[in-house]
K.L.:
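Structure in structure tokens, see below.
All figures in this text were calculated on a predicted structure; none of them were measured in a lab. Within every chain, numbering begins at 1; the chains are lettered A, B, ... in the order of the sequence lines, protein sequences first and strands thereafter. Note that these values count all heavy atoms, side chains included, but never hydrogens, waters or copies made by symmetry.
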2 protein chains.
Amino acid sequence: MEGDETVEETALRELKEETGIEKVYLEQFHVFSKRGRDPRGPTLTIALFALIRSHQCKLFATGDASAAKWWPAYALPSLAFDHDQICAKALDALRAALKTRPLAFELLPKAFTLYQLQDLYEQVFGTSIDKRNFRKKVQKMDFICASGKKTEGGRQRPAMLYYYDAKRYTKFANEHFF
Amino acid sequence: MEGDETVEETALRELKEETGIEKVYLEQFHVFSKRGRDPRGPTLTIALFALIRSHQCKLFATGDASAAKWWPAYALPSLAFDHDQICAKALDALRAALKTRPLAFELLPKAFTLYQLQDLYEQVFGTSIDKRNFRKKVQKMDFICASGKKTEGGRQRPAMLYYYDAKRYTKFANEHFF
DNA sequence: GCAAAAGTGTTAATCGTACACCCATGA
DNA sequence: TCATGGGTGTACGATTAACACTTTTGC
């Protein structure tokens with residue numbers, strides 16, 4: 001941490017320095033402090049995950065000359081110290097977060113198709129979901145709104161583009177929980 | 001933090017020093033690092049909540065001469081710095097934890113009645129739950145087991161004592177989620 | 001035409017919810 | 001006898017889960 005930065009500001013700065021990516025959703029998930037986790041001496045690691053919109057991921061690949069690179073979460077290379085455990089816990093935290101809060105919309109473009117949304121959940125949870133049941137459920141969530149526009153230039157039939165309405169979600173959540 | 005303690009060890013030591021309570025369940029919920037949260041300068045607070053079994057709470061009241069004291073979460077006294085915000089976030093984290101994991105059993109005696117379990121959920125979530133529906137649901141959870149023993153010396157009809165079986169929970173969770 | 005995704009309903013089973021009364025104990 | 005919790009079943013509505021085919025587009 002530099003100057004009087006907060007944890008989140010530090011993470012955003014480092015992420016931008018290493019990958020060029022900015023303006024992402026950040027969430028803390030654990031502080032690692034076990035003895036011996038770094039042979040150089042006692043350390044405290046405050047771990048956060050960042051959610052990066054899918055269309056921004058390619059910017060990263062064409063970034064500067066740093067060693068940063070994408071890896072699938074289920075096939076990481078071997079990492080220094082206890083960083084493999086940190087990544088494993090990050091995945092758990094991500095799944096728990098996606099189950100209980102509307103964070104899928106931080107991973108998709110602002111305008112997305114229902115296929116993209118379903119695919120996201122299937123990939124994160126490693127399940128397959130029935131398309132009709134999924135769409136039926138989405139229709140009941142009035143914070144997922146059809147924009148009226150459709151995809152263009154895809155290899156397939158144009159699909160309706162949806163967007164996430166955070167204000168409607170708040171109302172929805174207040175009515176459905178507690 | 002002293003010596004090469006972990007965050008959890010520090011919290012357990014401090015808790016014991018201040019209140020005499022030990023061997024509790026601890027869980028991290030947030031790191032507070034906002035500028036200006038402590039006028040004395042930049043600080044980093046790693047916040048944890050502890051779950052203390054109800055029958056151990058009275059030990060606390062008869063503890064040493066420290067200023068530690070029980071307060072209801074919905075009527076806290078005014079606290080230093082941003083500690084009111086930390087407590088508010090602790091309550092949120094506690095509710096989220098109790099909804100998604102079997103942590104109620106860290107708050108009850110090892111042997112508990114169904115009334116105690118229901119009362120716990122009602123108090124934490126501020127709701128009232130139908131007794132018959134609650135018991136029906138508990139019956140389906142085979143990790144909540146009748147011990148065969150009953151309460152003695154209460155003011156009421158003796159009640160069956162139940163216990164939590166962590167191994168069965170693991171099996172149950174694997175079958176019911178994902 | 002073919003590959004890829006878009007879109008669309010019905011049925012059966014399960015789950016959640018609402019609801020009221022008698023019982024055993026200690027004070 | 002009274003206060004306090006202990007203990008029990010049913011019926012209705014809502015939700016979930018299983019399941020297959022036609023459409024539109026680019027190549």
K.L.:
First and last nucleotide of DNA chain C in contact with chain A, 5' to 3', at under 4.0 Å to a heavy atom: what are they?
P.N.:
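Range of nucleotides within reach of chain A: dA4(C) to dT10(C).
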
K.L.:
Can you list everything that forms a side chain to side chain donor-acceptor pair (under 3.5 Å) with Thr10(A)? Sequence neighbours excluded, please.
P.N.:
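For Thr10(A), the residues satisfying side chain to side chain donor-acceptor pair (under 3.5 Å) (neighbours in sequence not counted) are Glu5(A).
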
K.L.:
Under 3.5 Å, which donor-acceptor pairs link side chains of residues 30-43 of chain B to any protein atom two or more places apart or in another chain?
P.N.:
unit_1, atom_1, unit_2, atom_2, d
His30(B), ND1, Gln28(A), OE1, 3.4
Ser33(B), OG, Val7(A), N, 2.9
Arg35(B), NH1, Asp4(A), O, 3.0
Arg35(B), NH1, Glu9(A), OE1, 3.0
Arg35(B), NH2, Glu9(A), OE2, 3.1
Arg37(B), NE, Asp82(B), OD2, 2.7
Arg37(B), NH1, Thr43(B), OG1, 2.7
Arg37(B), NH1, Thr45(B), OG1, 3.1
Arg37(B), NH2, Thr45(B), OG1, 2.9
Arg37(B), NH2, Asp82(B), OD1, 3.1
Arg37(B), NH2, Asp82(B), OD2, 3.4
Asp38(B), OD1, Arg40(B), N, 2.9
Asp38(B), OD1, Arg40(B), NE, 3.1
Asp38(B), OD2, Arg40(B), NE, 3.2
Asp38(B), OD2, Arg40(B), NH2, 2.7

K.L.:
For Asp92(B), which residues count as a side chain to side chain contact (heavy atoms under 4.5 Å, CB included) partner, sequence neighbours excluded?
P.N.:
Arg95(B)

K.L.:
Would you kindly give the CD-to-C1' distance between Glu152(A) and dG26(D), to the nearest whole Å?
P.N.:
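Result: 14 Å.
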
K.L.:
Only counting residues at least two apart or in another chain, list the ones meeting side chain to side chain donor-acceptor pair (under 3.5 Å) with Lys131(A).
P.N.:
none

K.L.:
Which atom pairs, one a donor and one an acceptor, fall under 3.5 Å between side chains of residues 112-120 of chain A and the rest of the protein, sequence neighbours left out?
P.N.:
unit_1, atom_1, unit_2, atom_2, d
Thr113(A), OG1, Gln116(A), N, 3.2
Gln116(A), OE1, Thr113(A), N, 2.9
Gln118(A), NE2, Glu122(A), OE2, 3.2
Gln118(A), NE2, Ile129(A), O, 2.8
Asp119(A), OD1, Gln123(A), NE2, 3.4
Asp119(A), OD2, Gln123(A), NE2, 3.4

K.L.:
Would you be so kind as to tabulate the donor-acceptor pairs closer than 3.5 Å made by side chains of residues 141-163 of chain B, with sequence neighbours excluded?
P.N.:
unit_1, atom_1, unit_2, atom_2, d
Ser147(B), OG, Lys149(B), N, 3.1
Ser147(B), OG, Leu161(B), O, 2.8
Thr151(B), OG1, Ala159(B), N, 2.7

K.L.:
With sequence neighbours excluded, what pairs up with Glu27(B) under the side chain to side chain contact (heavy atoms under 4.5 Å, CB included) test?
P.N.:
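Counting only residues at least two positions away or on another chain, Glu27(B) forms a side chain to side chain contact (heavy atoms under 4.5 Å, CB included) with Tyr25(B), Phe49(B), Ala97(B), Arg101(B), Leu103(B).
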
K.L.:
If the condition is side chain to side chain contact (heavy atoms under 4.5 Å, CB included), which residues does Asp130(A) pass it with, not counting sequence neighbours?
P.N.:
Arg132(A), Asn133(A)

K.L.:
If a protein heavy atom is under 4.0 Å from the base, mark B; if only from the sugar-phosphate, S; if neither, -; do that for nucleotides 8-19 of chain D going 5' to 3'.
P.N.:
BBB------BBB

K.L.:
Whole Å only: how far is the CD atom of Gln118(B) from the P atom of dG7(D)?
P.N.:
12 Å

K.L.:
Tell me which residues in residues 156-163 of chain A lie within less than 4.0 Å of DNA chain C, going by non-hydrogen atoms.
P.N.:
Gln156(A), Arg157(A), Pro158(A), Ala159(A), Met160(A)

K.L.:
Select base, sugar-phosphate, or nothing to describe what Gly153(B) touches, counting heavy atoms under 4.0 Å on all strands.
P.N.:
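Contact class for Gly153(B): none.
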
K.L.:
Please enumerate all residues that pass ring-ring contact (aromatic ring centres under 6.0 Å, His included) together with His83(B), with sequence neighbours excluded.
P.N.:
Phe81(B)

K.L.:
Would Glu175(B) and Lys171(B) satisfy salt bridge (Lys or Arg N to Asp or Glu O under 4.0 Å), going step by step from the backbone distance to the final call?
P.N.:
CA-CA 6 Å; Glu175(B) 286 164 7; Lys171(B) 205 194 284 180; 6.0 Å; no

